[in-house]
Structure formats: C-alpha cells, structure tokens
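Start at 1 and go down the list; that is how both ligands and their atoms are numbered. What you are looking at is a predicted structure, and each value in this text was computed from that prediction instead of being measured.
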Amino acid sequence: MSENNIVETKYDENQIQVLEGLEAVRKRPGMYIGSVSAAGLHHLIYEIVDNSIDEALAGCCDRITVDINEDNSVTVEDNGRGIPVGIHPTEGIPTVQVVLTKLHAGGKFGGGGYKVSGGLHGVGSSVVNALSSKLEVEVSDGEHVYYQSYERGNPTCKLKIIGDTDKTGTKVTFSPDGEIFETLDFEYETVLKKLREEAFLNKGVRIIFTDKRMEEPKRVELYAEGGIKEFVSFLNKSKEPIHDDVIYFEAKRGDSMEVEVAMQYTTSYSETILSFANNVHTVDGGMHETGFKSGLTRVLNDYARKNNMLKEKDSNLMGEDAREGLTAVISVKVAEAQFEGQTKTKLGNSGARTLVENALNDKFSAFLQENPKIAKMIIEKTISASRAREAARKAREASRKSAAANNSSLLGKLARCADEGADYAELFIVEGDSAGGSAKQGRYRRFQAILPLWGKMLNVEKTRMDKVFSNEKLLPIIQALGAGIGEDFNIDNLKYGKVIIMADADVDGAHIRTLLLTFFFRYMRPLIEQGHVYLAQPPLYKVYKGKNKDLVERFAYDEDERDRLIAELGKNAKVQRYKGLGEMDPPELKETTMDPEKRTLLRVDLKDAIIADQTFSILMGENVEPRREFIEQNAKYVTNLDI
Ligand code: TSJ
C-alpha cells in the first residue's frame with residue numbers, strides 16, 4: 001500500500017475547534033450515521049474499526065480484533081501505536097480525550113495525521129462515543145496502560161494509568177445507547193461481511209472477529225495476503241471460472257490517485273462487479289465503475305476485431321455482453337474523494353474514470369496479447385452472450401406481443417381477483433394443483449389471486465436468458481404480474497402489491513422457492529428490492545382435541561410451538577403433521593396461511609445481492625462441491641435434496 005491514500009492534513013485549528021457539542025449528535029444521530037436502525041447501529045463498529053484500519057494503512061498495525069460481547073457491547077483492539085495520550089496543544093486535555101469527545105477530531109491532530117474519508121465513513125469516533133451509553137478506552141504506549149471511561153460522550157473519569165506494559169495499541173469497548181437506537185442487536189453475518197471486505201481491501205491486515213453471545217463463541221480470522229485477487233476468488237467460490245488465475249493490474253496517477261483491479265470470468269450468466277473508493281463500498285458505482293465498464297467493452301471489441309473473431313458484418317459487443325459471467329473488484333484510492341448521491345456511495349471524481357479506463361486500455365489489453373488462449377475463451381463467451389441477447393430480444397418481443405393480445409392461455413390457471421391492480425391486491429403463487437384448488441376456495445376473491453404452478457420448474461442459473469423468456473412455466477407469472485421482464489420490467493405496471501410464494505415446507509418446496517427467487521432476483525429485481533415478494537408460512541402441525549362443537553384446533557409453525565400447544569390442550573390432544581399444503585382443507589388454509597388477519601408472511605429482503613447470488617449459485621449452479629457443502633451445513637433444514 002503506498003502513501004497515496006494518505007491525505008496529509010497539517011494541524012489546523014480551524015478543523016479542530018469545537019464545532020458543536022456532542023449533544024448535536026445525540027439530537028440528530030441520523031445526520032452523522034445515516035439512521036438509528038440496524039444499519040446505523042452496525043455503522044458504529046465500522047467507524048471504530050476504521051481507526052485501526054487507518055493505523056494499518058499507515059504501516060503501524062497488522063492485527064485487529066473485534067469482539068461482540070455477551071451484553072451486545074463491542075470491543076475493538078489493535079496493535080498500533082496507541083492514540084496519543086499527551087496533552088493536546090490547543091485543547092489542553094489528553095489527545096485521546098479530544099479524539100473521543102470533539103467532533104471532526106478523528107485522525108487530524110499532532111504532526112499531521114491521515115484519513116481516508118468517504119461517505120458516512122470517517123465521521124469520527126466521538127460520534128460513536130456520543131451514541132454509546134458507555135465507552136471505555138485503553139491505550140498502551142509501550143510503558144503504561146492508560147484508561148478513560150465515558151457515558152453518552154461525557155468523561156466519567158480523567159485519563160489515568162492503570163498498569164504497565166511493554167506493548168502498544170488501542171482498545172475501545174462501547175455499548176450502543178438504547179435511548180438512541182431502535183435495535184441493539186448486532187447481526188453476526190452483517191459484521192462478518194464487512195470485516196471480510198476490510199481484510200480483502202487491506203491486504204496483510206489480520207482481523208480476528210469473535211461473537212461471544214452464544215455458549216460456544218464463533219471466531220473467524222480474516223486475512224488476505226493476496227488482497228482483492230483473493231476477494232474475487234472468494235466471490236467465485238461457488239462458480240466455475242473459465243480461466244485459472246484471477247487477472248490483476250494496478251495503475252497510478254501521480255500521487256493523488258491509484259487503482260487496483262482484479263477480475264475473473266466464470267461460466268455463469270450474471271455479473272458481479274464490486275467497486276470501492278478509499279475502502280468505501282460504492283454501491284451506486286460512479287466514475288471508477290464507469291471507466292471500468294467502458295474500458296472493458298472497448299478492449300474486448302478491439303481485440304476481437306483485430307483477431308478477426310468479430311467479422312466486419314458483425315455488430316460490436318455491448319457492455320452487458322462483455323460483462324456476462326464476470327466477477328470483478330475495482331478499488332481506487334483518491335486523495336480528495338467526492339461521494340455523491342443520497343447514501344454517499346457513488347464516486348464523483350471524473351479523474352477516476354479516465355484512470356481506470358486507461359488502466360484497462362494498457363494493462364488488460366496487454367494481458368489479452370500475452371494470454372491468447374484465455375483471450376479466446378473470454379471473447380467466445382462474450383460473443384455467445386451477444387447472440388443470446390439477440391435471441392432474448394426476439395423472445396421478449398414475442399412475449400410482449402402475446403401480452404398485448406392478452407393471451408389467456410398464457411395466464412395458465414390464474415384465478416384473478418376483482419381488485420387486480422390495487423396496491424393491496426395479492427398474487428399467491430402456489431405449488432401444485434391440489435393446493436391451488438384449496439387456495440382458490442379459501443381466498444378472498446376481492447383481492448387475492450391464485451396462480452398454481454405444477455411440475456418441475458426451470459433452473460434459471462443453468463439456463464440462458466432466451467430460454468427463460470420463452471419457458472412455459474414462467475410465462476404465466478410474467479403475464480400475471482403484468483410488469484414485463486428484464487430490461488423491460490416496469491414496476492409501475494405491477495398488478496399486485498404483494499407477490500406471495502406459497503410452497504410446502506419440504507425439500508421440493510424449498511427448491512421451488514429458491515427457483516422463483518432466483519428468477520425474480522435476476523429478471524425482476526426491483527420486485528425484491530422494493531419488498532413486494534413474500535413467503536407464506538404454512539403451519540407444520542395441527543394440534544386438536546374434542547369433536548364437533550367441542551373441537552379445539554390450534555396450529556403450530558415449529559416443533560416448540562407444537563409441544564407448547566400439546567401441553568396447553570392437555571393429554572387428550574392429538575397432533576396432525578401436514579406433509580404439504582394439499583392436505584389442508586380450504587378453511588384451514590385460509591385461516592392459517594392466507595387470511596391477512598391471522599397469517600404470518602416473511603418478506604423477502606435481498607439487501608445483500610452477493611449472498612443471494614451465491615446461495616442461488618450454490619444450490620443451482622453446475623459446481624457440485626460447494627452445493628454439497630451448503631447442504632451438509634444446512635442438513636438440519638434440508639433433508640433430502642438431490643445433489
Ligand atoms: F478513535 C478510536 F478511539 F475510536 C480508536 C482509535 C479506536 C481504536 C480501536 C483504535 C484507534 C486507533 C488510533 N488505533 N491507532 C490509532 N492511532 C493513532 O491515533 C495515532 C497514533 C500515533 C500517531 C502519530 O502521529 O504518532 C498518529 C495517530 C493517528
């Protein structure tokens with residue numbers, strides 16, 4: 001890592017003057033951390049960890065531990081130099097106390113600090129302190145261990161020496177404030193994903209993450225010697241690369257900007273491009289991503305033309321062809337990053353576009369020259385993608401025409417509802433004809449429509465676009481939803497506000513759910529992003545006793561509930577286990593699964609497209625090994641799946 005990402009900030013009292021008290025932070029936490037929901041809560045951890053990462057970037061730290069403690073407090077510790085404990089020249093209090101109590105003081109003190117600031121990133125450790133009911137800091141300077149504690153940002157003691165040490169480093173433990181946050185529950189997977197990302201983006205830094213909230217703590221060591229090259233390998237773990245080595249190159253512009261790119265093509269039909277600016281995940285892309293895409297398309301077209309793989313009469317590859325099956329990570333470091341957009345996750349520096357585009361022109365084309373076999377495989381893949389795109393366009397047109405004709409045969413066995421088109425209208429996609437029959441009888445005809453599906457669905461992951469569009473099983477869904485598909489998809493035309501997948505709680509049901517979600521994820525993504533997709537939760541058991549007018553019936557959605565109900569109804573209670581939806585009669589199905597007053601629905605939330613992409617690939621892709629692993633790990637949920 002070079003010093004390019006280090007922004008020298010000469011100490012400047014204007015920057016450090018007490019801008020506002022920390023009360024401002026407590027009054028409007030959203031201004032500083034985005035929100036007080038789970039996202040804001042998790043941001044606290046990232047904010048503290050960033051301080052240690054900065055220390056690592058300065059070359060002064062190579063080990064960071066992050067612990068979620070039993071009481072939901074978090075401890076972050078590094079082996080860096082330790083936050084300076086000397087009296088701050090203008091504030092007249094220990095620098096560590098300045099860092100933790102003055103807004104905007106993070107990293108900017110003493111003889112010039114460094115900071116990669118971006119988006120919400122870098123708002124300062126004082127913000128975390130202000131939003132914590134308690135925070136404790138321990139600094140080791142090679143001689144002494146210093147300690148100070150705070151409540152809601154206010155010191156509860158002076159900085160004091162609590163022991164001797166020959167080590168250096170900083171340790172912070174904080175408890176997010178229940179008066180501020182809607183939830184105090186950290187999510188293991190969310191934190192893990194972020195820390196893993198940090199490890200990939202900062203090669204050589206070892207991050208040890210431990211969740212101590214369970215009887216047997218979960219501990220992972222995150223370390224990537226190969227940096228973003230390993231990141232790409234990780235993302236492709238469940239895919240099948242078409243060339244062995246991850247392609248990697250880097251480029252610099254003076255000492256104000258640098259880029260690293262790692263990429264690998266796979267046999268998959270989707271693309272995964274992750275971009276970062278100063279280690280901030282630029283979810284909305286920006287100039288660096290634009291430069292990557294245009295550079296990639298241009299280099300591949302040039303190479304294909306020069307080598308006569310694209311003939312004169314052929315049209316150029318389009319961007320989406322060039323990216324089919326591609327997994328890429330682009331990481332830029334920019335001296336003065338401009339983050340744009342609502343969530344500040346889009347890079348605005350236009351210099352980044354030319355830097356990345358030129359890097360591809362020079363380095364990626366050189367790679368193709370030097371590796372003609374790999375080049376050939378990549379070009380062939382992109383050319384077949386462009387043919388498939390052409391075929392898909394034709395198929396789509398056909399589906400559009402039939403839609404225009406409102407071809408009723410395509411609607412299959414759809415039982416429409418009266419209030420179709422209303423926001424509260426619901427479409428139940430039901431596995432199997434018999435369950436479909438019960439659902440039709442048990443529904444509210446006014447706002448609940450039923451679409452039964454039958455037989456084996458299509459495996460979307462293994463199938464190209466063109467086939468997906470023309471598949472007879474999916475056409476009724478496309479048709480029923482009425483909002484088109486792929487690039488034609490327009491959510492404004494959606495005929496139902498809720499799309500509810502109702503499948504059995506068994507392996508086939510799981511399969512159908514995954515297939516449908518894959519389909520929605522790939523071809524109607526806004527449907528998932530905007531929270532229109534739900535999973536019905538049919539009960540697994542009926543617990544009942546008595547007969548006729550003395551009959552008491554209760555429904556259980558898991559074993560614990562079943563056992564509770566058995567205890568409640570007493571020893572004469574009988575239990576029926578539902579093997580499938582088809583075993584329920586229409587009133588039962590209505591009461592337990594469909595009636596908005598009584599049912600539970602799970603909303604499908606794909607906040608993490610990567611994890612979803614991987615899960616789909618693992619279950620559906622060609623690569624057997626990760627699927628076997630996945631199934632073994634989930635054996636208690638999935639008992640009988642064909643591998
Ligand atoms: F800020 C904080 F409390 F949130 C925090 C800071 C939390 C944690 C876990 C670590 C850190 C931190 C800060 N780790 N390492 C540092 N390094 C410095 O503050 C530091 C030390 C020495 C010098 C120097 O110029 O000598 C400069 C800096 C920025």
(request) Please list, chain by chain and in numerical order, all residues satisfying side chain to side chain donor-acceptor pair (under 3.5 Å) with Thr168, sequence neighbours excluded. (result)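 Side chain to side chain donor-acceptor pair (under 3.5 Å) check on Thr168 returns nothing, list empty.
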[X], portion touching ligand 1 at heavy-atom distance under 4.0 Å:
{"X": "Ile83", "result": "both"}
{"X": "Asp78", "result": "side chain"}
{"X": "Val137", "result": "neither"}

Element-labelled atoms of ligand 1 that are located less than 4.0 Å from some non-hydrogen atom of [X]:
{"X": "Ile48", "result": "4 (F), 7 (C), 9 (C)"}
{"X": "Ser52", "result": "8 (C), 9 (C), 10 (C)"}
{"X": "Val99", "result": "1 (F)"}
{"X": "Ser125", "result": "1 (F), 2 (C), 4 (F)"}
{"X": "Val172", "result": "3 (F), 7 (C)"}

(request) Return a yes/no value for Glu55: is any of its N or O atoms, backbone included, closer than 3.5 angstrom to an N or O of ligand 1? (result)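 N/O-N/O distance under 3.5 Å: yes.
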(request) For Asp78 and Thr170, indicate whether the former's side chain and the latter's backbone hold a donor-acceptor pair under 3.5 Å. (result)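 Pair found, side chain donor or acceptor close to backbone of Thr170.
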(message) Any salt bridge linking Arg152 with Glu179? Criterion: basic side-chain nitrogen under 4.0 Å from a carboxylate oxygen.
(response)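 Looking at Arg152 and Glu179, the cut-off is met.
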(message) Is the positively charged end of Arg525 above the ring of Phe521, judged by distance under 6.0 angstrom from the centroid and angle within 45° of the axis?
(response)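 Checked: cation-pi criterion met.
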(request) Say whether Gly124 and ligand 1 are in contact under the criterion: heavy-atom distance to a ligand atom below 4.0 Å. (result)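 Contact check Gly124 vs ligand 1: negative.
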(request) For residues Ser73 and Thr173, report the shortest heavy-atom separation together with the two atoms involved. (result)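 Nearest pair, atom of Ser73 first, then Thr173: OG-CG2, 4.1 Å.
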(request) Among Lys102, Lys158, Glu91, Gln148, find the residue that satisfies the side chain to side chain donor-acceptor pair (under 3.5 Å) test when tested with Gln97. (result)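 Among Lys102, Lys158, Glu91, Gln148, the one meeting side chain to side chain donor-acceptor pair (under 3.5 Å) with Gln97 is Gln148.
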Under 3.5 Å, side-chain donor or acceptor atoms of residues 243-251 against the rest of the protein: list the pairs with distances, not counting sequence neighbours.
unit_1: His243; atom_1: ND1; unit_2: Asp245; atom_2: O; d: 3.0
unit_1: His243; atom_1: NE2; unit_2: Tyr265; atom_2: N; d: 3.0
unit_1: Tyr248; atom_1: OH; unit_2: Glu250; atom_2: OE1; d: 2.8
unit_1: Tyr248; atom_1: OH; unit_2: Glu260; atom_2: OE2; d: 2.6

(request) Go through the side-chain N and O atoms of Ser132 and Ser175 and say whether any donor and acceptor fall under 3.5 Å apart. (result)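 Per modelled atom types, Ser132 and Ser175 side chains form no pair under 3.5 Å.
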(request) Select the closest option to atom 8 (C) of ligand 1 among Val66, Thr170, Val128, judged by heavy-atom distance. (result)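 That would be Thr170.
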